[in-house]
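Numbers here are sequence positions counted from 1. Both counts, for ligands and for their atoms, begin at 1 and track the order of listing. Any value given below was found using the heavy atoms of this structure, including those in side chains, with hydrogens, waters and symmetry copies removed.
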Amino acid sequence: MVSLDSVDTFHFDAIIIGAGGAGLRAALQLAKSDQRVAVVSKVFPTRSHTVAAQGGINAALGNLTEDNWHWHMYDTIKGSDYLGDQDAIEFMCREASEIVRELEHFGVPFSRTEQGKIYQRPFGGQSQNFGESQATRTCAAADRTGHAILQTLYQQNIQAGTTFFDEYFAIDLVKDELGHIGGMVVMNIQTGQYQLLRAHAVMMATGGACQLFKTNTNAKINTGDGLAMVLRAGLPLQDMEFWQFHPTGVANKGMLLSEAARGEGGVLRNGNGEAFMVNYAPHVKDLASRDVVSRAIAIEVKEGRGCGPNKDHVLLDLTHLDADVIKKRLPGIREIGLTFMGLDMCSDPIPVYPTAHYMMGGIPTNFNGQVVTLDESGQSVTVPGLYAVGECACVSVHGANRLGGNSLLDIVVFGRAAASEIERILKLQKPASFFDKALELSSVEARLNKWEAKPDVNAQTESTAQIKRDLQTVMQEGCGVFRNQETMSTLIEQLEPIQKRIDQAVLQDHSHAFNLERLEAFELENLMTLAYATVHSAIERQESRGAHSRVDFPQRDDENWLQHSLYFQQNHQLRYKPVCLTPLTVPGFEPKARVY
Ligand SMILES: Cc1cc2nc3c(=O)[nH]c(=O)nc-3n(C[C@H](O)[C@H](O)[C@H](O)COP(=O)(O)OP(=O)(O)OC[C@H]3O[C@@H](n4cnc5c(N)ncnc54)[C@H](O)[C@@H]3O)c2cc1C
């Protein structure tokens with residue numbers, strides 16, 4: 001039996017769960033202000049999913065074409081299908097240019113223009129002068145921007161003296177006897193030992209969860225652990241119906257071919273060789289925002305204009321571009337084509353189909369990174385001691401649909417802002433008596449003990465890997481690019497037996513060192529929790545907005561649904577809160593039709 005009463009306990013001012021761009025930017029801020037900060041990561045920090053980000057980070061630097069942050073803000077609000085909170089969006093877009101220059105000074109090796117300025121490329125949903133011509137706003141280090149940012153932030157943290165718990169798996173938040181967030185139970189993956197980390201501030205920076213779907217662009221570690229922990233702590237998740245399907249995943253495999261390919265001039269073609277995006281977005285064509293392009297591809301295939309023997313994909317065509325430009329600007333994605341399809345995009349079009357890429361929803365926060373919930377009267381209140389940043393958080397700057405290049409920006413802007421807020425609060429109060437309070441450990445012990453059960457020699461047992469595959473398949477079918485009442489009701493029925501299989505599953509391997517079966521079991525429980533959050537949030541929202549596309553309710557309905565969903569695990573309860581339509585300083589943008 002697992003007991004956490006006498007495990008090793010470590011004390012910090014702040015602990016950050018996650019060593020992606022968000023967690024590392026926050027940690028750097030705290031380490032530099034002499035706070036004792038620890039970062040926990042289930043993989044070595046530079047293997048976090050941020051490393052895979054290809055296309056770039058948005059900032060209205062105006063290095064190639066005229067730009068300013070008001071235009072960036074307008075595009076982000078419009079791209080969010082008006083569900084983004086305008087105070088947070090203004091905050092992010094205003095900070096963007098300065099934070100990109102800060103990254104440059106930290107050492108990020110951005111690509112350069114001939115004049116030596118940071119190179120920028122056009123991305124979907126970017127405009128000049130509030131919706132007019134295409135803007136060029138995405139700052140890039142070739143097509144390995146995330147790699148460059150993550151390595152640089154890691155090096156800066158080493159220099160600043162951040163403490164790292166590398167290859168530690170965070171299991172659950174724990175509260176103290178007064179009900180305050182008091183710390184985290186973690187497992188040292190190398191030894192299998194459980195430990196307690198106690199801190200005045202706990203920050204979730206655990207990244208995304210697209211492993212919930214069968215085809216996705218995400219790292220295998222993106223299982224939404226932090227989100228599930230927050231639900232188990234009795235707090236809500238926001239806007240979980242909004243999952244972005246990226247239009248150009250390698251067909252039937254899912255790996256990402258960045259929007260940068262279309263930014264550099266790539267075109268999508270159907271089975272008749274037509275560049276079909278002109279029929280869906282005559283103005284911006286292939287650079288329409290991702291929800292629009294993904295739906296267009298799905299419709300082309302559904303209506304029989306797909307490519308290949310099964311007509312189940314379309315082609316991403318860059319063959320008309322100069323091969324040297326492809327090799328210089330897109331070396332990473334050319335390599336993906338070569339490795340996974342045996343095709344060279346300099347001479348061959350690449351088969352693509354939409355693939356789950358990004359979660360717009362997550363742990364609700366304000367733009368200081370403080371986690372918020374609703375009190376009994378429906379007012380937003382902050383949760384003392386708990387913060388969330390990065391893809392696991394919902395600030396919400398992406399609303400119903402994220403623009404390419406805005407997530408790398410979100411993670412560094414709000415990583416820094418949340419850390420500054422923690423620093424401010426810790427300077428005001430850091431009571432030593434905080435650590436004297438007893439912790440409530442029984443519910444997490446019960447979870448851990450469930451997986452201690454030994455297999456019954458006569459019983460048929462199944463692997464958690466098989467259960468995960470089945471979960472991913474039903475999620476993709478029931479809650480993919482298009483959904484309706486029927487697919488989602490069926491999905492809810494399908495989830496029940498999957499939950500039962502998880503309840504009955506037992507581990508075959510009970511060893512301690514690097515027991516990946518145990519980790520996968522924890523991850524599967526977390527994914528299951530998010531599956532329920534997603535489908536219940538989605539079935540309630542009776543409209544189409546951004547990435548939530550309901551065939552049975554095809555229109556956006558601002559009268560009834562211009563609001564954020566808040567899902568609580570208990571009884572799958574849903575509550576709602578208004579969207580912030582008041583920017584910090586500039587006059588509001590009225591919700592109006594999106595024109596492409
Ligand atoms: C292929 C790909 C390309 C992309 N390209 C772009 C792009 O060009 N531009 C852009 O703006 N956005 C892009 N994105 C999105 C963007 O990269 C991510 O949203 C962002 O990097 C997420 O950063 P993060 O710090 O929130 O999380 P991550 O980088 O995912 O880090 C999560 C961290 O949490 C840790 N963690 C998770 N669970 C646990 C646990 N239980 N215990 C301990 N540690 C845990 C992990 O170890 C990891 O360190 C891309 C995404 C993908 C998948």
Does ligand 1 come near enough to Q54 that some N or O of the ligand is less than 3.5 Å from an N or O of the residue?
yes

Does the ring center of F242 lie less than 6.0 Å from the ring center of H398?
no

Would you find more than 12 non-hydrogen atoms of other residues, nucleotides or ligands less than 6.0 Å from Q190 atom CD?
no

Closest to atom 34 (O) of ligand 1 (judged by heavy-atom distance), picking from S407, G18, A22:
G18

Identity and distance of the protein heavy atom lying nearest atom 44 (N) of ligand 1:
K42 N, 3.0 Å

Heavy-atom contact under 4.0 Å between R402 and ligand 1?
yes

Which of the numbered atoms in ligand 1 are under 4.0 angstrom from any heavy atom belonging to V43?
47 (O)

heavy-atom search around atom 23 (O) of ligand 1 in the protein gives T50 OG1, 3.1 Å

Of all pairs that satisfy side-chain hydrogen bond (donor to acceptor under 3.5 Å, both in side chains), the ones with a partner from residues 46-55, not counting sequence neighbours
none

Applying side chain to side chain contact (heavy atoms under 4.5 Å, CB included) to R334 and D143, what does each step give before you reach the verdict?
CA-CA 10 Å; R334 176 170 172 247; D143 60 356; over 6 Å; no

Between Q211 (side chain) and A219 (backbone), is there a donor-acceptor pair under 3.5 Å?
yes

Partner of R137 under side-chain contact (heavy atoms from CB on, under 4.5 Å), picked from T65, L61, D75, is D75

Does the distance from a Lys or Arg side-chain N to an Asp or Glu carboxylate O, for K468 and E520, drop under 4.0 Å?
no

I'd like the name of whichever of I221, L256, T46 reaches closest to atom 3 (C) of ligand 1 through any heavy atom.
L256

Sub-4.0 Å heavy-atom contact, G146 with ligand 1:
no

Okay, side chain of K175, backbone of A233: is any donor-acceptor separation there less than 3.5 Å?
yes

Residue selection (non-hydrogen contact nearest atom 9 (N) of ligand 1) among A53, A26, G55, G56:
G56

Proximal atoms of ligand 1 relative to Y168 (non-hydrogen, under 4.0 Å):
42 (N), 43 (C)

Just heavy atoms, cut-off under 4.0 Å: does N406 contact ligand 1 by side chain, backbone, both, or neither?
backbone

State whether E259 and R290 are salt-bridged, where the test is any N-O pair (Lys NZ or Arg NE/NH1/NH2 against Asp/Glu carboxylate O) under 4.0 Å.
yes

Derivation and outcome, side chain to side chain donor-acceptor pair (under 3.5 Å), residues H357 and T217
CA-CA 5 Å; H357 181 55; T217 65; 2.7 Å; yes

Can you check whether G21 has an N/O within less than 3.5 Å of an N/O in ligand 1?
yes

Can you name the ring-ring contact (aromatic ring centres under 6.0 Å, His included) partners of F169, sequence neighbours left out?
F522

For atom 31 (O) of ligand 1, tell me which residue out of G332, G254, G20 has the closest non-hydrogen atom.
G20

Is I411 in polar range of ligand 1, meaning some N or O pair under 3.5 Å apart?
no

side-chain hydrogen bond (donor to acceptor under 3.5 Å, both in side chains) partner of E264, the single match among R329, R121, K328
R121

Would you say G23 and ligand 1 have an N/O pair spaced under 3.5 Å apart?
no

A student comparing D225, I149, T138 should find that the heavy atom closest to atom 41 (N) of ligand 1 comes from D225

Any idea which protein heavy atom is nearest atom 27 (O) of ligand 1, and the distance to it?
G207 CA, 3.3 Å

State the atoms of ligand 1, each with its element, that fall below the 4.0 Å cut-off from a heavy-atom position in F169.
41 (N), 42 (N)

Sidechain N-carboxylate O distance under 4.0 Å for E525, K450:
no

Which option, H357, R25, H246, E259, owns the non-hydrogen atom nearest atom 50 (C) of ligand 1?
H357

For ligand 1, the portion of A205 having any non-hydrogen atom under 4.0 Å away
backbone

Winner among E391, E167, M359 once heavy atoms are compared against atom 26 (O) of ligand 1
E391

Quick one: does F123 get an N or O within less than 3.5 Å of an N or O on ligand 1?
no

Which is closest to atom 30 (O) of ligand 1 by heavy-atom distance: E523, H49, M255, M187?
H49

Quick one: look up the protein heavy atom nearest atom 48 (C) of ligand 1 and list residue, atom name and how far away it is.
S48 OG, 3.3 Å

Under 4.0 Å between a Lys/Arg side-chain N and an Asp/Glu carboxylate O for E421 and R416?
no

Would you say Y358 has any N or O atom under 3.5 Å from an N or O of ligand 1, going by distance alone?
no

